Amino acid sequence: MISSFTQSAKPINGSHVVHRRSSPAPIRPFSCPPPLPALKPQGFVLCMKNALHISSVSNFGPLRTRKSDLVTRKAYEADRSHPIESNVELTVAEARTEAAKKVKIGLYFALWWGLNVVFNIYNKKVLNAFPYPWLTSTLSLAVGSLIMLVSWMTRIADAPNTDFEFWKSLFPVAVAHTIGHVAATVSMSKVAVSFTHIIKSGEPAFSVLVSRFLLGETFPVPVYLSLLPIIGGCALAAVTELNFNMTGFMGAMISNLAFVFRNIFSKKGMKGKAVSGMNYYACLSILSLLILTPFAIAVEGPQMWAAGWKTAVSQNGPNFVWWVAAQSVFYHLYNQVSYMSLDEISPLTFSIGNTMKRISVIVSAIIIFRTPVQPVNALGAAIAVLGTFLYSQAKQ
Ligand code: 3PG
């Protein structure tokens, strides 16, 4: 068992509480070890079957079950990196905390999906009127960066405490985020929003292939099998797409690949760093903005933008400016909420949430933009999304 507690500056090793590497007698589920003399727990009952890692302990002094004294604990099996269900007997206060946490996560998910749907709709409206995806991608990062800089300066949000190492480790994440963002926006400027997201539901396939062939990771057979419906479904949806466009297709594929690398670099770079999800995404936006701006100028440039802007405003009136503002603000908000929920949930729950998000985006975009869909095309999309769900299950 790996556990360590901290009381003031003096560390107390968790092995003083319970240390059972291999128990000679079989451990019954939910059985409690006898109270240990060293700690004399008063109202503190810890029953466990699995090895526990205690993440942090607040006021680990008199060991009373006051709410403020509750142990913030996450249970990890020795060979897993994400929390598993522990057999910790919950006190009433803890059960309430758990319920409140579930409500909070539910709210994050609902917000994340809702904000994402709104972003996708305004983004497409803007791209239909103003087909300059490099500028619109830049604007969404710029508005997000501005929102966060103002929040830090006015102390609405606490500014993160970062150092050179932090920004260095963030750099590859920002490069991947920038490529993934521009590529998805280019894709949406060429094809239906629903099609981009159907192809983007194939992201797990990229994740497994990159991890297998570049990082040498292996997965259980069901994970590989779940890739068949993902790849087959995406392929079926692509060949039956009425408005297929190669740039649109490739944009979504590149975005998938870039986001897989973003996740890999992000995992490596963030180990042991104490920056909240909200601030992490804010820093990512700022760095991505710095990376993207010169490329956006080189690829499209102010002359094209000025002419395109004039046309868009003359055709759509001042509404167009609101659409641009909405797509930029909602882009930042949905990403911020998604990073905030990553703080609270495992990467696996996150990926299931992301799949559900794609379903809401695909369905609402088809309804709002009246996208023509053939039955066989819808079948391909459904198979791909189902495959992504099976993948999430197989990875558990
Ligand atoms: C973007 O513009 O970055 C994409 O729309 C992102 O898509 P995702 O967050 O749904 O993967």
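These figures come from a predicted structure and were not determined experimentally. Counting starts at 1 for both ligands and their atoms, following the listed order. Computation of the quantities below employed the complete heavy-atom set of this structure, encompassing side-chain atoms and omitting hydrogens, waters and symmetry-equivalent molecules.
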Closest protein heavy atom to [atom], given as residue, atom name and distance to 0.1 Å:
atom: atom 4 (C) of ligand 1; answer: A184 CB, 3.6 Å
atom: atom 11 (O) of ligand 1; answer: R358 NH2, 3.0 Å
atom: atom 5 (O) of ligand 1; answer: M188 CE, 3.5 Å
atom: atom 10 (O) of ligand 1; answer: K357 NZ, 2.5 Å
atom: atom 9 (O) of ligand 1; answer: Y334 OH, 2.6 Å
atom: atom 7 (O) of ligand 1; answer: K200 CE, 3.3 Å
atom: atom 3 (O) of ligand 1; answer: H181 ND1, 2.9 Å

- Query: Of all heavy-atom pairs between A252 and S187, which one has the smallest distance, and what is that distance?
  - Reply: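 Looks like N-CB, 3.6 Å.
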- Looking only at heavy atoms, which two atoms of I230 and G202 are closest? And how far apart?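 Taking I230 first and G202 second, the nearest heavy atoms are CG2-CA, 3.5 Å.
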- Evaluate whether atom CG of D158 has more than 12 neighbouring non-hydrogen atoms of other residues, nucleotides or ligands under 6.0 angstrom away.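 For D158, atom CG is not crowded (no more than 12 foreign heavy atoms under 6.0 Å).
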- Task: For atom CZ of F295, decide whether the heavy atoms of other residues, nucleotides or ligands shown that lie under 6.0 angstrom number more than 12.
- Result: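 It does not: F295 CZ has 12 such atoms or fewer within range.
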So if I count the atoms of ligand 1 from 1 in the order they appear, which ones are less than 4.0 Å from some heavy atom of [X]?
X: T185; result: 2 (O)
X: Y331; result: 1 (C), 2 (O), 3 (O)
X: H197; result: 10 (O)
X: F259; result: 3 (O), 6 (C), 11 (O)

- Task: Give the C-alpha distance, both sets of side-chain angles, the deciding distance and a yes or no for side-chain hydrogen bond (donor to acceptor under 3.5 Å, both in side chains) between N354 and K357.
- Result: CA-CA 5 Å; N354 211 14; K357 178 198 86 179; 3.0 Å; yes
- Task: Measure the acute angle between the ring planes of F109 and W112, then classify it against the limits of 30° and 60° as parallel, tilted or perpendicular.
- Result: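 Geometry flag for W112 against F109: perpendicular rings.
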- Between F119 and Y122, is a ring pair (Phe, Tyr, Trp, His ring centres under 6.0 Å) present by the stated rule, with each step listed? CA-CA 5 Å; F119 157 71; Y122 280 107; 9.7 Å; no
- Item | Heavy-atom donor-acceptor pair, S266 side chain to N263 backbone, under 3.5 Å |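 No; judged by distance alone, with no hydrogens or angles, the pair does not exist.
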- Item | H177 near ligand 1 by a heavy-atom separation under 4.0 Å |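 No, H177 has no heavy atom closer than 4.0 Å to ligand 1.
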- Sub-4.0 Å heavy-atom approach of E203 to ligand 1: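 The answer is no: ligand 1 sits nowhere under 4.0 Å from a heavy atom of E203.
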- Query: For ligand 1, does V361 get within less than 4.0 Å through its side chain, its backbone, both, or neither, judged by non-hydrogen atoms?
  - Reply: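 For V361, there is no contact with ligand 1 at all, from either part.
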- Message: Are V175 and L214 linked, directly or through intermediate hydrophobic residues, by side-chain heavy-atom contacts shorter than 4.5 Å (ILVMFWY only)?
- Response: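 Yes, one cluster joins them.
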